[in-house]
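Quick note on labels: first sequence line is chain A, next is B, and so on, each numbered from 1. When reading the values below, keep in mind they use all heavy atoms of this one structure, side chains included, and skip hydrogens, waters and symmetry mates.
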Number of protein chains: 2
Amino acid sequence: MRYSEYLLPTLKETPADAEVASHRLMLRAGMIRKVAAGIYNYLPLGLRSLRKVEQIVREEMNRAGAHELLMPMVVPAELWQESGRWQQYGRELLRLKDRKEADFCLGPTHEEVITDIVRNEVRSYRQLPLNLYQIQTKFRDEIRPRFGLMRGREFIMKDAYSFDLDDAGADGAYERMYQAYRRIFKRCGLNFRAVEADTGNIGGSSSHEFMVLAESGEDAIVSCDSCEYAANVEKAELRVPESQMPAPSEDLTKVLTPARKSVEDVAAFLKTTPQRLVKTLIVQTDKGETLAVLLRGDRELNDIKLCRLLDCAWIEMAGEDVVLKATGAPNGFAGPVGLKLRIFADREVQAMADFITGANDKDAHYTGVNLGRDCEVETFADLRKAVAGDPCPRCAGKLEVWRGIEVGHVFKLGTKYSESLGAVVLDDQGRERLLVMGCYGIGIGRTLASAIEQNHDADGIIWPLPIAPFEVLVVMLNPNDAEVKAAAEKLYGELRERGVEVLLDDRDERPGAKFKDADLLGIPVRLTVGARGLKEGQVEVKLRAGGAVAMLPVASAAGDVARRVDLERSGQ
Amino acid sequence: MRYSEYLLPTLKETPADAEVASHRLMLRAGMIRKVAAGIYNYLPLGLRSLRKVEQIVREEMNRAGAHELLMPMVVPAELWQESGRWQQYGRELLRLKDRKEADFCLGPTHEEVITDIVRNEVRSYRQLPLNLYQIQTKFRDEIRPRFGLMRGREFIMKDAYSFDLDDAGADGAYERMYQAYRRIFKRCGLNFRAVEADTGNIGGSSSHEFMVLAESGEDAIVSCDSCEYAANVEKAELRVPESQMPAPSEDLTKVLTPARKSVEDVAAFLKTTPQRLVKTLIVQTDKGETLAVLLRGDRELNDIKLCRLLDCAWIEMAGEDVVLKATGAPNGFAGPVGLKLRIFADREVQAMADFITGANDKDAHYTGVNLGRDCEVETFADLRKAVAGDPCPRCAGKLEVWRGIEVGHVFKLGTKYSESLGAVVLDDQGRERLLVMGCYGIGIGRTLASAIEQNHDADGIIWPLPIAPFEVLVVMLNPNDAEVKAAAEKLYGELRERGVEVLLDDRDERPGAKFKDADLLGIPVRLTVGARGLKEGQVEVKLRAGGAVAMLPVASAAGDVARRVDLERSGQ
């Protein structure tokens, strides 16, 4: 491709509303343009990389025995009413009416449509197993679309659905998808973790998220430093502490802590550490109950774990007036002693003695608090968020904490949809059996954006070669120098003949501007053809990743570079 | 692909609501399934062929210097309000609101979005010419979706838009697209004509439709039997007849024609031919005028030509009461003599004397009618539809008439959108210039359907090889015969190794059922592996098109077939 003929509008300025690197750089590198909130054009350069991710996904899905089909974006309401999601799904489901006032939605996922296909076309266990996928435009009417392709409204997704006769079959389908996903993200050149994820309302243990590790990630994940264990921090189990509760050695003593509300302030004021404090959170559930949760002073509550313990949909911190009513004191002085609420405590608290809590009295705390002696806990459970250094729940290793971007999700659905839509087959005994399903998603645009989050520097993108829009950039330093022009054109032609994807910067621009754009675009290999080098019969090769520079004989440069690109293509 | 593992549900019965062959056969061959009116799933087999058409289109668009990008399906109303189409476009434009009550539509075409991109990103004539295209899902809320993919609501289209500094540049872009389209449909293996088309309200002469010739086509087209001239019948000009109006030789005579209303009945009753009659059509315009049009008895009115003459948007035949009021007689007896309406006549009538017309009196006609003597015509013009045998307007040849399916359309847009959206660039003198645009569409699904309309027989589809879902079908006659199974598997493996796309029918079905499905699916080459042939060391090869059968040595069959497929791939 010749840059001079291409629509590749780079921006020098950082766009004002772009908060994360991928959004900023995809705008600046002329890959995307906003059409409306969460709705983007993929300009030619952006589409090239998008298609590469799609193609890697397609190859690995096919290799795993899945079959590609294509379902519509506009889906009739009837199917969603059958599954019940027409009512349940919130306003992220964009509902619309056609000219005949019939109800439709823009499909955010396609469980209903695919289950409808399979219930109509598959009658016998002999037609199983079946795994069907599509790569298709989806729409979710996010209330706060942001971060460019990271959280868009219209986006491209690969969604796959597996159908099996029984749980064992479904487990096999799940495992094949898990392995396919590993290959996909590896081939994309990404540093990722497959982590155990919360399964929400559907239950069961089989759900993994594929997380690309990046500082800007919205999710926190933990992984063991010695075994394969990794989990979303919401899901990460913690080992039961082995130590026993020590016997009390102090008396319960009320101390004044004027205006000291935070754990840190109280600890500093009492000349101790947050670890010696127990914080008492006053919490309200979706069912309207107010209750107390005890955590070691330096820990954070894991909402998901508490919800699962209480079997509720959500919890929230109680407001000032509820706290005042429940404890008799303003925020910051709650404690378990004398409290008339159900009290739940993290297991870690079980191993503490002579600790410090609020006294349910303004500007006062207790020291020397001991459970059992001074107050009663209803239930001890694993209620806190994992932190770096926590022991691994599976081995003797320690947990590390990362930030990640969810790019894929594999999920064992069970019979949720086959039940509501009546998708059955006959087994080898002629009995009707509900199909056991799995669903497997990959955000194609988000994978691309996460690759940039993980691979960029102050100057621009640093593409992993397998998903780079072009593999090699040939910079023609001065297009008005006939020799430079001829040599650059020759190199461009030779590389293309060898099947390398090349962008030729043949613009009439200053070298500085060309190098700046080269760094911004992030094409893995840059070949610079200039008058000075040509005098020595050489061109400069520079790798965007790492910045290694070398001179190559102009005669053999195309061959050398093509071989190198070939090696890198497999994503190794 | 192994049939036994594939989702390929063929149907023995002809689906009730499928009126045309392509719809019927795509359903029966398990290529598509209906989700809602005009909305379809592409099952795996259908998607394979769809992707092949897409890929041919993509390669030829790229070769013609166009750049692929991707615009969204959900488009904000603002852009459509700027162009004015938000108000003008009828209910085929599906309008919707997002959760914040903002107006959007599902894009039926993307002139606004692409012009918005270009006005933002292109400032200088140096960035021109530019041709941008996408292959994308569109939605048009057709009032009567029908014929499967032929007239769907959600459909896949290639839409391209060219931007040039001036008319000469735009003409060049148009010509390149015209040639690219010829290559595309040729490579798809289709018999087509590029015909001059009506340019509707936009004016200008540069519009061609690409028509696949098929009996079931909704459009009629004419082409010359000796020169390159071809046109939509709506557009086809007719040469001015050379003969002069002969002098009258008969007197005007009123004759009774009881209950004879149609041209044929009157001609038979008066023992003459329809060519001796002039029919008088009472027509109403969109502006509310009632007028009369004279045509030779055997001719048909071309609405488009009359609209262009009258400068109106549409005309319709007057109803019974309007006719009665205007002529004093019921339908079937209108004539120009004594008629108090503006009278327009086709040029052919100008050359007629002593003809027969209605007498504006129930059950009566005039014979011996002569224009000038008996009545006055306001304007003579080319108002009839062309028919087979008409002289070519360009040469001495004669016109042939075909039925066709419009699969592509190239159109010189001019500055319609650049004006309304303010898309300008600076020319080499630093002056602002409106961009001159063209737009170019191909219906991807419709191209596929039209290929089937053109290539099928009573048993099923007969795919042109370049767009066949698979190139070769290997039929394993008896999967329970170890020798047959081994030989078929070996052939399947060898063909795949040679890069041939093979479907292996490894199902446990009777040979008759397999052959029936083979004919239905229409894969170009069928290789049958059976016990009888194997005894002689042979497999049977049968071509779906033409039905030629031969025996091939099993050892060399893969090589022979792969070579043949290779030759056919270019669509020659």
Partner chain A: residue of [options] with the largest heavy-atom pair count (under 4.5 Å):
{"options": "B:Leu96, B:Val74, B:Ile39", "result": "B:Val74"}
{"options": "B:Leu7, B:Ile156, B:Asp116", "result": "B:Leu7"}
{"options": "B:Arg126, B:Lys100, B:Lys97, B:Arg153", "result": "B:Arg153"}

Who among [options] has the most heavy-atom pairs with chain B under 4.5 Å?
{"options": "A:Val35, A:Asp141, A:Leu106", "result": "A:Asp141"}
{"options": "A:Ser4, A:Pro44, A:Ala37", "result": "A:Pro44"}
{"options": "A:Gly46, A:Pro72, A:Pro129", "result": "A:Pro72"}
{"options": "A:Asp508, A:Asn120, A:Ile143", "result": "A:Ile143"}
{"options": "A:Gln127, A:Glu78, A:Glu5", "result": "A:Glu5"}

Is it the backbone or the side chain of [X] that comes under 4.5 Å from a heavy atom of chain B, or both, or neither?
{"X": "A:Glu92", "result": "both"}
{"X": "A:Arg33", "result": "side chain"}
{"X": "A:Leu70", "result": "both"}
{"X": "A:Ile117", "result": "side chain"}
{"X": "A:Val118", "result": "neither"}
{"X": "A:Glu142", "result": "backbone"}

How many angstroms lie between [atom1] in [X] and [atom2] in [Y], if you round to the nearest 0.5 Å?
{"X": "A:Leu521", "Y": "A:Lys514", "atom1": "CG", "atom2": "NZ", "answer": "12.5 Å"}
{"X": "B:Lys52", "Y": "B:Leu47", "atom1": "NZ", "atom2": "CG", "answer": "12.0 Å"}
{"X": "B:Leu435", "Y": "B:Leu421", "atom1": "CG", "atom2": "CG", "answer": "11.0 Å"}
{"X": "A:Glu111", "Y": "A:Met437", "atom1": "CD", "atom2": "CE", "answer": "6.5 Å"}
{"X": "A:Tyr40", "Y": "A:Lys34", "atom1": "OH", "atom2": "NZ", "answer": "5.5 Å"}

- request: Classify the side-chain pair A:Asp505/A:Tyr6 by whether it contains a donor and acceptor separated by less than 3.5 Å.
  value: no

statement: Heavy-atom nearest pair, B:Lys158 first then B:Val57, reads CG-CG1, 3.4 Å

- prompt: Would one find more than 12 heavy atoms of other residues, nucleotides or ligands at under 6.0 Å from atom CD of B:Gln88?
  reply: yes

- request: Check whether B:Leu94 gets within reach of chain A through its side chain, its backbone, both or neither, counting any heavy atom under 4.5 Å.
  value: side chain

Part of B:Glu154 within contact of chain A (heavy atom distance under 4.5 Å): side chain

Qualifying residue for side-chain contact (heavy atoms from CB on, under 4.5 Å) with A:Tyr161, from A:Leu132, A:Val113, A:Thr109: A:Thr109

message: Against the six-membered ring of B:Phe470, is B:Arg48 placed for a cation-pi contact (under 6.0 Å from the centre, within 45° of the normal)?
response: yes

